[in-house]
Amino acid sequence: MTLISKHFAVIGQPIKHSLSPHIHLLFAKQFELLIDYEKVEVNRETLLNRLDKFKSKKYSGLNVTLPLKHDAYLLCQELSEKSKLCESVNTISIKDNQFHGDTTDGIGLIRDLTKKGINLNQARILLVGAGGAANAVIADLIECSPSELHLTNRTIEKSMVMEAHWKNFAEKNSVSLNISGNHGVDSSNYDVIINATSAGFSSNISPIEDILVNKKTYCYDMTYGMETPFMKQAIKLNATVFDGLGMLIEQAAESFHIWHKEKPETNKIKSELKLLKLI
Ligand code: ATR
């Protein structure tokens, strides 16, 4: 009997430092599954053409990362309810020549927060950023029933667009949704502050003011692989600080589940990546 490997890839730009292939291969080992998983540099202009190539080469699935998640949402023939809500796709399953899009970022974030002992039910959450990353996780945050979800962004107009998009969903879930620009956030205590901006890549200043952080605050940065100015600020102010590596692993586990119908064990992945000197 010949064992046939299923093909997967993560696509985006830049893609060189992606940990996704390693994480998926570690998951596959847990179930003795034969897969190969590449990273392929794809930009917005070439996405459509590249998707057709993956289809003709009989790939089974793709992970989609920046800056392609919204474009992937527009190009998939079928979408999960969550993808439709978030207008974002990070997991594509290719079946019968069709692309089925899903998003696992939100569930990845919530599972990681839960594993870290952070309960969002009735919590006051400050979500920083109003781009693709913030919009990909907000539905799952709302579904956790925080008492308040405050959106803040450098460009307040983008928070206003975001508020208009999510208002009904928040109301349906009885969550109070408020917005302000980066300098207009009130100084009341937030239990959890989530940085969903890309500020860490371009600036050495945190997108929020010191006054919002204290030693009881959980500060979570969705970025991984670097200590961002937001994380440095939180450390300086004695808050509890996490980067987004756990979220990356948990969202990958959910993608793996969608493709292989198996739930991988995620607890050891960080130490396995360390052993492989990948982090
Ligand atoms: P992503 O898909 O990573 O969210 P994006 O859609 O380009 O990428 O959004 C980037 C987010 O990071 C935006 O909220 C952006 O703020 P603006 O809407 O004002 O551009 C935020 N951001 C990027 N650099 C920032 C900085 N130096 N300070 C504060 N916010 C920043």
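Counting starts at 1 for both ligands and their atoms, in listed order.
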Donor-acceptor pair between N173 and E143 side chains, under 3.5 angstrom: no
Other residues, nucleotides, ligands: >12 heavy atoms within 6.0 Å of K115 NZ: yes
H24 side chain to N63 side chain, donor-acceptor N/O pair below 3.5 angstrom: yes
Element-labelled atoms of ligand 1 that are located less than 4.0 Å from some non-hydrogen atom of S202: 24 (N), 27 (N)
Protein non-hydrogen atom below 4.0 angstrom of atom 7 (O) of ligand 1 present: no
Min side-chain heavy-atom separation I107-Q251 under 4.5 Å: no
Side-chain donor-acceptor contact under 3.5 Å, N153 with S159: no
Per-atom contacts of ligand 1 with G132, taking only distances under 4.0 Å to non-hydrogen atoms: 1 (P), 2 (O), 4 (O), 6 (O)
P67 and ligand 1 - part of the residue with a heavy-atom distance under 4.0 Å: neither
Qualifying ring pair (Phe, Tyr, Trp, His ring centres under 6.0 Å) pairs with a residue from residues 218-245, counting only residues at least two apart or across chains: none
Partners passing ring-ring contact (aromatic ring centres under 6.0 Å, His included) against F8 (at least two apart in sequence or in another chain): W259, H260
Nearest-contact summary for atom 9 (O) of ligand 1 - protein heavy atom, Å: G131 CA, 3.5 Å
Close N or O approach (P207, ligand 1; < 3.5 Å): no
Per-residue contact class, I205 against ligand 1 - non-hydrogen pairs under 4.0 Å: neither
Contact (N/O only, under 3.5 Å) between G129 and ligand 1: no
Side chain, backbone, both or neither: the part of A199 lying under 4.0 Å from ligand 1 by heavy atom: both
Nearest heavy atoms of A130 and N135, plus distance in Å: O-ND2, 3.5 Å
Protein contact of atom 13 (C) of ligand 1 - nearest heavy atom, named by residue and atom, plus distance: N153 OD1, 3.8 Å
Side chains of S145 and Q122, donor plus acceptor under 3.5 Å: no
Minimum-distance protein heavy atom relative to atom 23 (C) of ligand 1: S198 OG, 3.4 Å
Donor-acceptor contact present, side-chain S255 to main-chain T91, <3.5 Å: no
A134-ligand 1 polar pair, N/O distance under 3.5 Å: no
Per-atom contacts of ligand 1 with A133, taking only distances under 4.0 Å to non-hydrogen atoms: 1 (P), 2 (O), 4 (O)
Option of least heavy-atom distance to atom 17 (P) of ligand 1 (set: T155, T197, L66): T155
Which residue and heavy atom of the protein sit nearest atom 20 (O) of ligand 1, plus the separation: R154 NH2, 2.9 Å
